[in-house]
Q: 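The following block contains the structure, expressed as structure tokens.
Numbered from 1 within each chain, the chains take letters A, B, ... in sequence-line order.
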Amino acid sequence: MKLRLSDTLKRQKVDFVPKNPQRVTMYVCGPTVYNYAHIGNARPVVVFDVLFRLLRHLYGEEAVIYARNITDVDDKINQKAMAEGVDIDVITSKFADIYTADMRALNALEPTIQPRVTQNMNAIVAQIAALIRNGHAYEAEGHVLFDVESYKAYGALSNRSLDDMIAGARVEVAPYKKSPQDFVLWKPSKPGEPKWPSPWGEGRPGWHIECSAMIEANLGLPIDIHGGGHDLIFPHHENEIAQGVCAQHGHSHQEESYARYWMHNGFLTMDAEKMSKSLGNVLLVHDLIKEFPGEVIRLALLSAHYRAPLDWNNDLLVQTRKRLDGLYEALRKAADVPVVETAVPEAVIEALCDDLSTPRVLAELSALASALEKASEADKPLAKSQLLVAGALVGILQQEAESWFKGGADDDLSAKVEALLEARKTARAEKNWAEADRIRNELTALNVEVMDGPAGATWKLKA
RNA sequence: GGCCUGAUGGCGGAGCGGUUACGCAGCGGAUUGCAAAUCCGUGUAGGCCGGUUCGACUCCGGCUCAGGCCUCCA
């Protein structure tokens, strides 16, 4: 099956051909760890997790190396550490741990490696030195700046010319810059801020160099896939390309010598408004997972195509939960059916290979669930297994159906419910409908929905 | 000003030049002590104006509207 991906740089859907199928590399820009991750931050995590799973499926688990960085050097981290009077790694390790836990709750696999800026200072300094050596960067007043004029293809990813950028520049231009668009590779730290040694004095790296240096040091150039949010195209990824290409001595300035495929996910809105702290509509993953199962949040993030904008609202969550209920219902009825070894259905692979069309995967999952419902006893094991392996490829449907439906219930509640159901069973056997209904009302009050079936009654927590 | 998306039924959201997306809600039926749940079935669409075509939601051109980026940002 041929994988096709939308490449931001080439501006079209192209066949994905890894440089080395034995070693497929992917890098996604990760979090700056000074705060809780919001739901918008979670979209690339979930989207590229699906891609990670697909690549592992296509090329083998051992063949795929997925790196997601942790930015632990940053102004906002410094501010927070300063305000709380602690060392920056008190802040960064706390929020890195929270981030890891929150993303795990969304069924995201851990990336193969998670490089940190603080542990890659040598690589960063080395890449800056290479840029100076190759004539693409210069030192000025304790700063090292990238010389944008020296790289002809600058602007290729975001499709803008240097003139446009000058015209649209809204930042104050530092006097020591040769050209207004030149960006910082290294800067001196202010008194009291964390600093690292370098040939240009003690200081810290600029934001963009961190990623390109960590990519070169941890994955090697070129990597196959570079991903991130739509907003990173400019300036972050544009600058990464400039750095990554120009740092390679003697290279012919081909953008693809840094990353071969560029992928960007669309943005999330909150009730049709941009999510931003100033509007106060930021929804934290940390809070959301207390209200909805991680699986619901994950599937909601996958309900639209990854490049399309996605409006996040309560209705989306409710609909997604019901959809998941439907899939789990099919599995619940087939709880006693044995699982057999089977390949992922071709239609599911096909949908994913077509630029990660998760909406189509959802349609296929519905079809598989329906097929399971209708299957003869003899066909049920295969039908059930296909639904499960298809779900696994997008990271859902991996828990027991019963625990899905009773997910929010603790042991006390479960015991109480079971006892009430037993009493109701007796009442019903005696045709004491008044008593049976009274018990059912009592269960309803506990937010429990009773479902009578041929094999007796079962229950679930209402959404 | 420059660059980039998107516009599909009540809602979410796909594919496709002529034929069912899928899901949620609705409606009908089966089932049930009554319900609920479940299962089966089912109606509703393609921003506007032109063009190409035997035929366009699907291709081409224009327009309108909405959102994003150009500044830290997934």
Q: For B/U38 and B/A25, measure between their P atoms and round to the nearest Å.
A: 8 Å
Q: May I ask which nucleotide in the shown strands pairs with B/A35, Watson-Crick or G-U wobble, both distances under 3.5 Å?
A: none
Q: Under 4.0 Å, heavy atoms only, any strand: does A/Asp437 hit a base, just the sugar-phosphate, or nothing?
A: base
Q: Does this structure show an ion pair linking A/Arg204 with A/Glu193, if we count only N-O contacts that are shorter than 4.0 Å?
A: yes
Q: Both distances under 3.5 Å, Watson-Crick or G-U wobble: report the partner of B/G6, or none.
A: B/C65
Q: Please determine whether a side-chain nitrogen or oxygen atom of A/Asn265 lies at a distance below 4.0 Å from atom OP1 or OP2 of B/A74.
A: no
Q: Heavy-atom nearest nucleotide on RNA chain B for A/Ile39 versus A/Lys322: which residue maps closer to 5'?
A: A/Lys322
Q: Write down the distance separating the C1' atoms in B/C63 and B/C27, rounded off to the nearest Å.
A: 39 Å
Q: Relative to the 5' end of RNA chain B, which residue comes earlier, A/Ala42 or A/Gly326, by the nucleotide with the nearest heavy atom?
A: A/Gly326
Q: Base, sugar-phosphate alone, or nothing: which one does A/His264 contact when heavy atoms must sit under 4.0 Å apart?
A: nothing
Q: So, A/Asp354 and A/Lys13, do they make that salt bridge, N to O below 4.0 Å?
A: yes
Q: Just to be sure I understand the rule, does A/Lys333 reach a base, reach only the sugar-phosphate, or reach nothing, if contact means heavy atoms closer than 4.0 Å?
A: sugar-phosphate
Q: If we take the C1' atom in both B/U8 and B/U71, what is their distance in whole Å?
A: 36 Å
Q: Looking at every strand, decide which applies to A/Arg323 at a 4.0 Å heavy-atom threshold: base, sugar-phosphate, or nothing.
A: base
Q: Whole-Å distance between B/G26 P and A/Gln319 CD?
A: 12 Å
Q: Kindly point out which of B/U38, B/A74, B/C11 is positioned nearest to the side chain of A/Glu329?
A: B/U38
Q: Provide the distance between the two P atoms, one in B/U31 and one in B/C40, to the nearest whole Å.
A: 16 Å
Q: Looking only at the side chain of A/Lys460 (C-beta and beyond, no hydrogens), which of the listed nucleotides B/A37, B/A74, B/C40 gets closest?
A: B/A37
Q: Which value, in whole Å, describes the distance between the C1' atoms of nucleotides B/C49 and B/C16?
A: 24 Å
Q: Decide, yes or no, whether a salt bridge links A/Arg321 with A/Asp325 under the criterion of side-chain N to carboxylate O below 4.0 Å.
A: no
Q: Which atom pairs, donor and acceptor, lie under 3.5 Å between side-chain atoms of residues 448-456 of chain A and protein residues at least two apart or in another chain?
A:
| unit_1 | atom_1 | unit_2 | atom_2 | d |
| --- | --- | --- | --- | --- |
| A/Asp452 | OD1 | A/Arg424 | NH1 | 3.1 |
| A/Asp452 | OD1 | A/Arg428 | NH1 | 3.3 |
| A/Asp452 | OD2 | A/Arg424 | NH2 | 2.9 |

Q: State whether a side-chain donor-acceptor pair under 3.5 Å links A/Thr92 with A/Arg116.
A: no
Q: Can you tell whether the side chains of A/Glu442 and A/Arg438 come within less than 4.0 Å, N to carboxylate O?
A: yes
Q: Does a donor on one side chain sit under 3.5 Å from an acceptor on the other, for A/Tyr306 and A/Asp355?
A: yes
Q: Can you list, by residue number, the residues of residues 223-233 of chain A that have a non-hydrogen atom closer than 4.0 angstrom to RNA chain B?
A: A/Gly228, A/Gly229, A/Asp231, A/Leu232
Q: Going by 5.5 Å between centroids and 30° between planes, is there a stack of A/Phe267 over B/G68?
A: no
Q: To the side chain of A/Arg428, which of B/G33, B/G41, B/U38 is closest?
A: B/G33
Q: Any strand counts, and the cut-off is 3.5 Å on both contacts for Watson-Crick or G-U wobble. Which nucleotide pairs with B/C16?
A: none
Q: Return the nucleotide paired to B/U53: Watson-Crick means purine N1 to pyrimidine N3 with N6-O4 or O6-N4, wobble means G-U with N1-O2 and O6-N3, both under 3.5 Å.
A: none
Q: Check if the side chain of A/Asp452 and the base of B/A35 share a donor-acceptor pair of N or O atoms closer than 3.5 Å.
A: yes
Q: Whole Å only: how far is the CG atom of A/Asp311 from the P atom of B/C24?
A: 20 Å
Q: Considering only side-chain heavy atoms of A/Ser370, which listed nucleotide, B/C40, B/A36, B/C34, is closest?
A: B/C40
Q: Taking a pair as Watson-Crick or G-U wobble with both distances under 3.5 Å, which nucleotide is matched to B/G1?
A: B/C70
Q: Taking atom C1' in both B/G46 and B/C11, what distance in whole Å separates the two?
A: 15 Å
Q: Nearest to the side chain of A/Arg160, which nucleotide is it out of B/C70, B/G33, B/G13?
A: B/C70
Q: Roughly how many Å is it from CZ in A/Arg440 to P in B/A37, rounded to a whole number?
A: 11 Å
Q: How many whole angstroms separate atom CG of A/Leu268 from atom C1' of B/G67?
A: 13 Å
Q: With a 4.0 Å cut-off, would you call A/Asp15 and A/Lys2 a salt bridge?
A: yes
Q: Starting the side chain at C-beta, find the nucleotide from B/A36, B/C4, B/C34 nearest to A/Met451.
A: B/A36
Q: Rounded to whole Å, how long is the line connecting atom OH of A/Tyr154 with atom P of B/G2?
A: 20 Å
Q: With a 3.5 angstrom cut-off on both distances, give the Watson-Crick or G-U wobble partner of B/G41, or none if there isn't one.
A: B/C27
Q: Under 6.0 Å from the ring centre and within 45 degrees of the ring axis: does the NZ or CZ of A/Arg68 meet both conditions for the six-membered ring of A/Phe48?
A: no
Q: From CZ of A/Arg360 over to P of B/A14, roughly how many Å is that when rounded to an integer?
A: 11 Å
Q: Of A/Glu295, A/Lys333, A/Arg323, which is the lone residue that meets side-chain hydrogen bond (donor to acceptor under 3.5 Å, both in side chains) with A/Tyr328?
A: A/Glu295
Q: Expressed as a whole number of Å, how far does the C1' atom of B/G23 sit from that of B/A45?
A: 16 Å
Q: Tell me: CH2 of A/Trp459 to P of B/A37, nearest whole Å?
A: 17 Å
Q: Could you tell me how far apart A/Asn69 (CG) and B/A74 (C1') are, to the nearest whole angstrom?
A: 12 Å
Q: Which whole number of Å gives the distance between the P atom of B/U58 and that of B/C70?
A: 33 Å
